[in-house]
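Below is one structure, written out as structure tokens, with a few remarks after it.
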Protein chains: 2
Amino acid sequence: MVRAGLNAERLTQAGAELADEVGFDQVTVSALARRFDVKVASLYSHLKNSDDLKTRIALLALDELAEQGAAALAGRAGKDALTAFANVYRDYAREHPGRYAAAQLRLDPETAAASAGVKHARMMRAILRGYDLTEPDQTHAVRMLGSVFHGYVSLEMGGGFSHSAPDSQESWSRVLDALDALLRNWPAP
Amino acid sequence: MVRAGLNAERLTQAGAELADEVGFDQVTVSALARRFDVKVASLYSHLKNSDDLKTRIALLALDELAEQGAAALAGRAGKDALTAFANVYRDYAREHPGRYAAAQLRLDPETAAASAGVKHARMMRAILRGYDLTEPDQTHAVRMLGSVFHGYVSLEMGGGFSHSAPDSQESWSRVLDALDALLRNWPAP
DNA sequence: GCATTTGCCTAATACCTTTAGGCAAATTAC
DNA sequence: GTAATTTGCCTAAAGGTATTAGGCAAATGC
């Protein structure tokens with residue numbers, strides 16, 4: 001009996017691909033076993049359980065997203081940085097819808113603290129260095145940026161902006177213009 | 001054998017309550033049957049299937065949300081309307097997390113077109129009447145409002161803003177201030 | 001009151017999750 | 001290079017959810 005060469009990393013990677021193909025909520029230990037042509041029980045030597053698999057996929061997605069975000073920010077500042085970073089989010093979600101959904105999985109606090117989610121927050125703050133914001137406005141602005149990025153991408157992926165003019169790409173550009181204008185002119189309390 | 005008096009409405013209502021208690025993704029036909037103390041198969045006379053149940057809960061939530069939104073908008077304009085409407089979203093999500101999650105369910109186009117989601121779009125446009133925006137900027141702004149409302153609420157519910165200062169309520173107020181300022185000063189292309 | 005409809009039931013199939021225990025392949029120790 | 005050990009995948013089994021088919025009793029209509 002030839003061994004399949006399973007391990008947590010390969011399973012996570014394949015799980016991420018599966019998620020992009022059929023949706024994150026359709027990722028099951030069974031489907032993953034089929035993909036490797038092994039019996040379901042075999043996966044339990046490498047994964048604690050179904051939740052473990054999902055968490056690993058989420059962490060993978062957060063990692064990739066942070067990596068791409070960092071690459072986009074390198075050498076950029078101000079609106080240029082804002083736009084580049086925002087596009088990383090949107091493009092990642094479009095190219096990897098399952099992984100993006102995974103990245104939204106609620107993690108328990110310790111896992112979250114050890115995840116790349118922390119980097120995301122730091123990068124948002126790095127973007128704001130190009131604008132003239134001090135605490136606590138900086139935090140408010142970080143939260144707003146996160147809300148707009150995530151909100152727009154998730155509504156767009158849910159089909160909320162299709163079937164109506166103007167097309168979503170144009171709104172996205174204008175929303176980023178608006179965010180830039182807002183950050184340059186953040187209102188006093 | 002005494003009949004339980006099931007019907008689609010009661011099941012949907014109970015499903016919504018169940019969603020708020022245990023989370024929308026934990027709403028199952030089985031759990032609902034347990035709640036009514038009947039056998040699972042009995043529910044299939046009233047519901048097409050599990051997806052039908054979830055869709056009905058989603059439509060219920062969209063309806064309630066639209067109703068509350070309309071009540072909040074009555075007699076208000078400008079920033080007052082913006083704030084009241086935004087708070088309806090946030091409060092509803094906090095009081096009814098399961099229903100709010102349900103409202104995010106992706107509906108097939110015909111169902112979506114017949115849902116209260118249409119009212120939501122109209123109400124957003126009504127809010128913008130208090131600002132000086134013409135098409136296509138009005139559409140861009142509607143999409144941005146939706147993104148911020150949904151994005152903020154969903155990040156907040158995911159625990160993204162807990163465990164860090166300043167508290168989320170303050171950010172929410174300042175984000176709404178910022179949105180108001182932005183709408184009063186929407187940048188030209 | 002009887003016929004019909006309706007509502008809930010039992011039974012059965014199928015899929016997903018998870019645990020326990022077994023055997024063979026790979027690795028390590030000598 | 002072989003023996004001992006570890007590791008990896010398997011079979012088996014139990015429990016949960018979804019869904020369909022067919023049956024009997026309660027409610028409804030006339």
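In what follows, chains are A, B, ... by sequence order, proteins preceding strands, each numbered from 1. Values in this document were obtained by computation on a predicted structure and should not be read as measured data.
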Taking the six-membered ring for Trp, are the ring centroids of Y100(A) and H96(A) within less than 6.0 Å of each other?
no

Using the side-chain heavy atoms of S45(B), tell me which of these nucleotides is nearest: dA20(C), dT19(D), dC8(C).
dC8(C)

Spell out, as yes or no, whether a donor-acceptor pair under 3.5 Å connects the side chain of R106(B) to the backbone of M157(A).
yes

Out of dT17(D), dT17(C), dA11(C), whichever nucleotide has its closest atom nearest the side chain of V40(A)
dT17(C)

Looking only at side-chain N and O atoms, does S42(B) come under 4.0 Å of OP1 or OP2 in dC9(C)?
yes

To the nearest Å, give me how far apart NZ (K54(B)) and C1' (dA18(D)) are.
10 Å

Of the listed nucleotides dC9(D), dC16(C), dT19(D), the one nearest the side chain of T28(A)
dC16(C)

For L47(B) and dT17(D), give me the distance from atom CG to atom P, rounded to whole Å.
16 Å

Whole-Å gap separating C1' (dG22(D)) and OH (Y44(B))
17 Å

dA18(D) OP1/OP2 closer than 4.0 Å to side-chain N/O of S30(B)
yes

Between I57(A) and L53(A), is the side-chain contact (heavy atoms from CB on, under 4.5 Å) condition met? List the steps.
CA-CA 6 Å; I57(A) 297 173; L53(A) 170 63; 4.0 Å; yes

Parallel, tilted or perpendicular for Y89(B) and H120(B), by the 30°/60° rule?
perpendicular

Nucleotide of dT19(D), dT18(C), dC10(D) approaching V38(A) most closely (side-chain heavy atoms)
dC10(D)

For the side chain of K39(A), counting heavy atoms from C-beta on, which of dC8(C), dT20(D), dT11(D) is nearest?
dT11(D)

Just N and O in the side chain of R34(A): are any of them under 4.0 Å from OP1 or OP2 of dC15(C)?
no

Compare side-chain N and O positions of H46(A) against OP1 and OP2 of dT7(D) and report whether any pair is under 4.0 Å apart.
no

Just call it for S50(A): base, sugar-phosphate, or nothing, with non-hydrogen atoms closer than 4.0 Å on any strand.
sugar-phosphate

